[in-house]
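Please read the structure below before turning to the comments.
The first residue in the sequence is number 1, and the count goes up from there. Ligands are counted one by one from 1 in listed order, and the atoms in each one are counted from 1 as well.
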Amino acid sequence: MWKNLRFWLYRLWVVDCVGCGSLVVHPRGLCLSCEYGILDQYLSSAEQAEELEKSGLRFRYLFRWVPGASDVLSKYVYLLKSPVAEPLWHELARYFVSLKGISRDQKIVFVPIPSRKKRKHSLYFAQALAEQCEGVVLELLSIDDSDELEQKVKNKEQRSKVSFTLNEEITEQMRLDHSLVVVDDVITTGASFEAAYNVLKWMRVCPKNIELWAAFRRETMSIDFE
Ligand SMILES: [Zn+2]
């Protein structure tokens, strides 16, 4: 009941498919034809978690997003990053859990990666995943404010130095044997995840059983010059 209502509230703001303009829109936010196009080409086929190259940390994601390669997918990513898209994250989370074969009784603790611009997509996704898995969301991380340079003016190396602080008051309950899932909307290099892992490990919060779950994995287009 509430789930349907949530979607119709969204439809008050966005009436058509962002991919093609069709008025018949699926609860994940696209018409069926645009959604099939994306599923066909960009859905991650990996059933197991993959590992980051350097650190070996494990991550899972739903869609490969290569900006420039698919107009529809890029529009969909921007739609999900808009303030009205919260209901769509619930549908995406339901899909994530069923597709990745996640069991629903693992007592997972979800920790969203905070956004520098105070956007809430990773929190929406974490809440939606927790709803699917009967887990809990703990907003353990904050952006380290001593780092004042805006992300956009930084070069790639500086950007990878994003750092977080831990919200001290909720760490004690976290030193328990839970599975911990760090949640982000998009994973690019994995640097944010590594920074999150480092601060959690430093504070002795569940460093063993940890993964990152993201909706999109952003890749750069490789151009073949042959
Ligand atoms: Zn469409």
**Report entry** Check against side chain to side chain contact (heavy atoms under 4.5 Å, CB included), Tyr197 and Leu57
**Finding:** CA-CA 9 Å; Tyr197 173 78; Leu57 290 173; 3.8 Å; yes

Requested in this report: Grab the two heavy atoms, one from Leu141 and one from Pro114, that are nearest each other, plus how far apart they are.
Outcome: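 Here Leu141 and Pro114 meet closest at O-CG, 3.6 Å.
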
Report summary line: Ser122 and Asp185 have their tightest heavy-atom pair at CB-N, 4.2 Å

Report summary line: Within less than 2.8 Å of the Zn ion (ligand 1), the count of protein N, O or S atoms comes to 4

Query raised in the report: Does Glu50 pair with Arg58 as a salt bridge, N-O distance under 4.0 Å?
Result: no

Query raised in the report: Please, which pairs that meet ring-ring contact (aromatic ring centres under 6.0 Å, His included) have at least one residue in residues 101-124, sequence neighbours excluded?
Result: Phe110-Trp213

Query raised in the report: With no hydrogens and no angle check, do the side chains of Ser22 and Asp16 hold a donor and an acceptor under 3.5 Å apart?
Result: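 Absent: no donor and acceptor within the cut-off.
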
